[in-house]
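Okay, so here's the structure we're looking at.
Given the structure is predicted, the values throughout are model-derived calculations rather than measurements.
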Amino acid sequence: MKQKVRKAVFPAAGLGTRFLPATKAIPKEMLALVDKPIIQYGVEEALAAGIEEIIIVTARGKSAIEDHFDTSFELEASLEKKGKGELLDLVRQVSAMGRLAYVRQSEARGLGHAVLQAKDLVGDEPFAVLLPDDVIDAETPCIHQMVEAYNDVQASILATMVVEGPAISAYGVLDGKPVDGKPKLFEVSGMVEKPKLEEAPSKNAIIGRYILTPAIFAKLETIEPGAGGELQLTDGIKALLGEESVYGFSFDGVRHDAGDKQGMLQAMVDFTLKRDDLGPKFREYLKGLSL
Ligand code: G1P
């Protein structure tokens, strides 16, 4: 029986150490890319793909995320009183963003453990996972492209991108082969989390968008700590191989690692230049820099 992808899990419990000191008291998912917290880009992407329920895995110190997607009565009343209609619309759009559910990860035990916390909320159906750090700029939202691929193959799908050189060691890396007649898909035969360059099975890095079958939960319950001493999602998916097909998916779009300072700066420039309200002036500013 064909099942629809209706739910998306957003692991947002990480400590955000790559962005200290900014993330000491502010969740990294709430860092603004131009004027929107990075997690909102992911939530909008999921909703644009027809996903109906957003499940956010949070932790201590992350309550700003819940506040962000909640109604802000005082702010709305104040904007209304001042006649700031446009801003009021912006604020209301955020709190009207569909069904959101939260579950807490009480210990930082890794991405696999974070996803496992969503087991009861997801239930027995395929679901998407979006890592908020990875902001993907694409004409058709990346997760929408993947939902379509899922509807075709009915199996787990991992977004993948070619990463050159030693930078590959920051990723999960796929081994596998192309699929005849489906140029965007790659049949996965193995994967390694954060390999050394010489041990990487390919240049195909996993990017933070996944469609997973519910069989993943049983695997996440049994895996041992892996890279970095953490329960890795990659190891859970690897345990699925042999029982189910798993595919890599080369998405169309540009991925920014907004959880990293350099990546965030680049995303900031790209996104600002694309904005009608900010782009032209910012372009002039950049042109005037004597670099
Ligand atoms: C996580 C995953 C890794 C993946 C990466 C993509 O790593 O564990 O497999 O390649 O996201 O951004 P993290 O960046 O959380 O260390």
Side-chain angles (χ1 to χ4, degrees), residues 5-19 23 26-31 33 37-47 49 51 53-66 68-69 97 99-123 126-136 142-143 146 156-159 170-172 191 193-194 205-214 216-217 219-221 223 225-238 240 255-260 263:
V5 181
R6 300 185 308 128
K7 300 181 181 182
V9 175
F10 287 73
L15 292 175
T17 46
R18 287 190 296 165
F19 237 113
T23 47
I26 294 171
K28 67 169 173 174
E29 296 78 13
M30 289 301 295
L31 293 174
L33 172 47
I38 59 174
I39 192 167
Q40 191 178 328
Y41 289 90
V43 169
E44 287 176 358
E45 178 183 332
L47 295 174
I51 283 167
E53 196 171 319
I54 305 293
I55 299 163
I56 304 185
V57 184
T58 65
R60 180 178 301 279
K62 299 279 187 167
S63 53
I65 299 176
E66 288 175 60
H68 179 69
F69 290 108
M97 266 187 188
R99 281 170 54 196
L100 273 82
Y102 297 89
V103 61
R104 258 167 108 115
Q105 184 190 23
S106 51
E107 268 178 282
R109 292 179 60 196
L111 181 59
H113 183 254
V115 171
L116 181 57
Q117 305 314 301
K119 178 183 174 196
D120 291 343
L121 288 172
V122 169
F127 63 104
V129 175
L130 290 89
L131 306 188
D133 282 6
D134 284 337
V135 176
I136 301 177
C142 179
I143 206 70
M146 292 173 71
S156 293
I157 301 179
L158 324 179
Y171 298 88
M191 62 190 88
E193 180 67 17
K194 303 200 168 57
I206 303 172
I207 297 304
R209 297 290 183 276
Y210 310 74
I211 308 273
L212 299 171
T213 62
I216 189 66
F217 293 120
K219 301 301 177 198
L220 293 174
E221 276 166 346
I223 52 169
E230 299 190 336
L231 296 173
Q232 295 290 352
L233 182 57
T234 306
D235 293 338
I237 302 169
K238 190 172 163 185
L240 276 180
R255 174 259 188 177
H256 297 280
D257 181 3
D260 167 77

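Of all heavy-atom pairs spanning Lys7 and Ile51, the tightest one is C-CG2, 3.8 Å. Across all non-hydrogen atoms, the minimal contact from Ala101 to Leu121 is CB-CD1, 4.2 Å. A pairwise comparison of heavy atoms in Tyr210 and Ile143 identifies O-CD1, 3.9 Å as the closest pair. Between Gly208 and Asp134, the shortest heavy-atom distance links the atoms N-OD2, 2.7 Å. The two atoms that bring Leu220 and Gly112 nearest to each other are CD1-O, 3.5 Å, heavy atoms only. Closest non-hydrogen pair, Met97 versus Leu100, comes out as O-CD1, 3.5 Å.
Scanning for ring pair (Phe, Tyr, Trp, His ring centres under 6.0 Å) contacts around Phe217 gives Phe127, with sequence neighbours left out. With sequence neighbours left out, the salt bridge (Lys or Arg N to Asp or Glu O under 4.0 Å) criterion links Glu53 to Arg99. For Asp133, the side chain to side chain contact (heavy atoms under 4.5 Å, CB included) test picks out Arg18, Lys28, Ile38, Asp257, with sequence neighbours left out.
Among Phe69, Phe10, Tyr102, the one residue that satisfies the side-chain contact (heavy atoms from CB on, under 4.5 Å) test with Ile54 is Phe10.
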Show, in sequence, the C-alpha distance, side-chain angles and deciding distance for Glu193 and Lys238, and conclude whether the salt bridge (charged side-chain N to carboxylate O under 4.0 Å, His left out) test is met. CA-CA 10 Å; Glu193 180 67 17; Lys238 190 172 163 185; over 6 Å; no

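Judged by distance alone, with hydrogens and angles left aside, the side-chain atoms of Gln117 form a donor-acceptor pair with the main-chain N or O of His113 at under 3.5 Å. Distance alone, capped at 3.5 Å, places no donor-acceptor pair between the Thr234 side chain and the Gly172 backbone.
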